[in-house]
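Numbers for residues simply follow the sequence, beginning at 1. All of these numbers come straight from a predicted model, not from anything done at the bench. Remember, it's 1-based here, ligands and their atoms both numbered in the order they're listed.
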Amino acid sequence: MTGATGQLGKALLNKLKGSDNKVRITSRRKPEGIEDFKWIYSDLLSGEGIDEAVKDAEVIIHAATSPVKNSRSIEVSGFEMLLSKLHHIKHFIYPSIVGIEEIPLNYYKLKFEAEELLKNSSIPYSIVRATQFHGFVEHLLMSNPLLKRYVIPGSMKFQSVDVGEFANHLIDLIDSGPQGRADDFGGPEIMTLREMTELKIKINNETNKVLSMPLPGKLFKSFFDGKNTNFTQKSGRITFEEYLRNKKVTK
Ligand SMILES: NC(=O)c1ccc[n+]([C@@H]2O[C@H](COP(=O)([O-])OP(=O)(O)OC[C@H]3O[C@@H](n4cnc5c(N)ncnc54)[C@H](OP(=O)(O)O)[C@@H]3O)[C@@H](O)[C@H]2O)c1
């Protein structure tokens with residue numbers, strides 16, 4: 001499993017603890033609490049550690065990613081280099097994102113290119129596109145109130161999903177075997193960012209208010225139109241509200 005220190009990587013580690021599988025994990029930073037696993041330093045930019053990480057592996061869950069820094073080198077060139085070393089692999093599981101070909105975001109274009117590289121390789125694969133994780137939406141879009149106001153593009157839509165449920169789904173695929181392009185994995189409900197932010201304010205008893213700003217451009221329009229959602233695939237059960245309440249209890 002690559003990307004052991006990321007949001008998805010950490011969730012996968014939690015679920016894989018005590019698993020019958022022998023699990024080898026990679027990242028550049030060393031994760032905490034990894035007694036059940038063999039950790040290997042590996043860098044998709046320099047290639048360091050990759051040979052050792054993939055040697056004799058049967059299944060790979062590829063949770064490493066770099067949306068901002070060196071993104072082309074990691075999502076596409078590093079990915080291609082990784083694939084070139086996987087002739088022995090029985091199943092490569094690639095988490096992707098719902099709507100990537102319809103949303104004009106550079107990172108999404110690169111994810112789409114990576115999907116194509118995998119499809120055109122001879123490696124047995126499953127590509128599973130998920131909607132945004134609950135924590136991702138919360139941290140990216142509602143973490144910094146300005147003068148007691150969350151200034152947000154409130155009409156953006158999200159169908160956010162619990163990262164732990166997505167991790168379980170990817171682990172189940174180990175036994176199911178390669179699916180090709182699998183069904184999308186979406187959260188249980190579609191909400192506007194305004195609704196999600198108001199929920200956060202209510203649950204945390206905040207005094208902050210919401211100031212919604214319409215934003216121009218194709219990128220925001222695609223989120224206003226919900227191109228990042230798939231209402232036919234409401235696979236996750238844990239709602240954004242439950243995620244926020246659970247976080248409050250476990251704090
Ligand atoms: N976030 C979402 O809402 C969301 C939704 C749907 C699908 N996904 C997909 O799920 C996957 C995981 O996303 P995430 O949000 O968990 O990502 P993340 O939190 O940003 O984690 C990225 C991981 O990649 C590793 N990494 C970064 N640069 C690297 C490099 N040069 N070499 C090797 N490893 C490197 C990081 O570890 P080190 O820095 O320690 O190396 C980290 O473990 C991605 O494919 C993403 O597209 C995400």
Could you walk me through whether Glu242 and Arg237 pass the salt bridge (Lys or Arg N to Asp or Glu O under 4.0 Å) test, one step at a time? CA-CA 10 Å; Glu242 285 164 338; Arg237 291 280 160 269; over 6 Å; no
Between His87 and Ser122: side-chain donor-acceptor atoms closer than 3.5 Å: no
Tell me, which protein residue and heavy-atom name are nearest atom 15 (O) of ligand 1, and how many Å apart are they? Gln7 NE2, 3.3 Å
In the protein, which heavy atom is nearest to atom 36 (C) of ligand 1, and how far is it? Thr5 OG1, 3.7 Å
Distance-only N or O hit between ligand 1 and Gly9, under 3.5 Å: no
Mind checking the CG-NZ spacing from Leu16 to Lys22? Nearest 0.5 Å is all I need. 15.0 Å
Inspect the surroundings of NZ in Lys221 and state if more than 12 heavy atoms from other residues, nucleotides or ligands are less than 6.0 Å away. no
State whether the shortest distance between N or O atoms of Pro67 and N or O atoms of ligand 1 falls below 3.5 angstrom. no
Please answer whether the main-chain N or O of Asp175 pairs with a side-chain N or O of His91 as donor and acceptor at a distance below 3.5 Å. no
Heavy-atom count check: over 12 atoms from other residues, nucleotides or ligands less than 6.0 Å from Leu147 CG? no
Measuring from the heavy atoms of Tyr107, does anything fall under 4.0 Å of ligand 1? yes
Please indicate whether any nitrogen or oxygen in Arg28 is less than 3.5 Å from any nitrogen or oxygen in ligand 1. yes
Taking the side chain as everything from C-beta on, heavy atoms only, tell me whether Arg24 gets closer than 4.5 Å to Phe37. no
For residues Arg29 and Thr5, is any side-chain donor paired with an opposing acceptor at under 3.5 Å? yes
ILVMFWY cluster, Tyr125 and Ile97 together (side-chain gap under 4.5 Å): no
Residue-ligand contact Thr131/ligand 1, heavy atom below 4.0 Å: yes
Do any nitrogen or oxygen atoms of Ile74 come within less than 3.5 Å of a nitrogen or oxygen of ligand 1? no
Indicate the atoms forming the closest heavy-atom contact of Ile238 with Glu165, along with that distance. N-OE1, 3.1 Å
Does at least one non-hydrogen atom of Pro31 fall below 4.0 angstrom from an atom of ligand 1? no
Atom 31 (N) of ligand 1 - nearest protein heavy atom and its distance: Asp43 OD1, 2.9 Å
Nitrogen or oxygen atoms of Gln132 and ligand 1 under 3.5 Å apart: no
Of the protein's non-hydrogen atoms, which lies at the shortest distance from atom 7 (C) of ligand 1, and what is that distance? Ser96 O, 3.2 Å
Can you pull out the closest protein heavy atom to atom 12 (C) of ligand 1? Residue, atom name and distance to 0.1 Å, please. Ala63 O, 3.4 Å
side-chain contact (heavy atoms from CB on, under 4.5 Å) with Val98: of Arg129, Gln233, Gln159, only one passes, and it is Arg129
Can you tell which of Thr65, Val137, Leu140, Asn70 gets a heavy atom nearest to atom 20 (O) of ligand 1? Thr65
Residue portion contacting ligand 1 (non-hydrogen atoms closer than 4.0 Å) for Phe136: side chain
Atom 21 (O) of ligand 1 - nearest protein heavy atom and its distance: Gly6 CA, 3.2 Å
Aromatic plane relationship, Phe166 with His169 - under 30° parallel, 30 to 60° tilted, over 60° perpendicular: parallel
Return the residue, atom name and 0.1 Å-rounded distance of the protein heavy atom closest to atom 32 (N) of ligand 1. Leu44 N, 2.8 Å
Does only the side chain of Lys111 get under 4.0 Å from ligand 1, or the backbone, or both, or neither? Count heavy atoms. side chain
Hey, quick one: are Val210 and Val137 part of the same hydrophobic cluster, counting side-chain heavy atoms closer than 4.5 Å, chains of contacts allowed? yes
Please test Glu75 against Thr65 for side chain to side chain donor-acceptor pair (under 3.5 Å), starting from the C-alpha separation and ending with a verdict. CA-CA 6 Å; Glu75 303 308 322; Thr65 193; 2.8 Å; yes
Select the closest option to atom 2 (C) of ligand 1 among Phe133, Tyr94, Phe158, Phe79, judged by heavy-atom distance. Phe133
So between Ala64, Ser73, Ala167, whose heavy atom ends up nearest atom 34 (N) of ligand 1? Ala64
Ignoring angles and geometry beyond distance, decide whether Phe166 reaches within less than 3.5 Å of ligand 1 through its nitrogen or oxygen atoms. no
Under 3.5 Å between some N or O of ligand 1 and some N or O of Ser66? no
For atom 16 (O) of ligand 1, what is the nearest protein heavy atom, given as residue, atom name and distance? Leu8 N, 2.8 Å
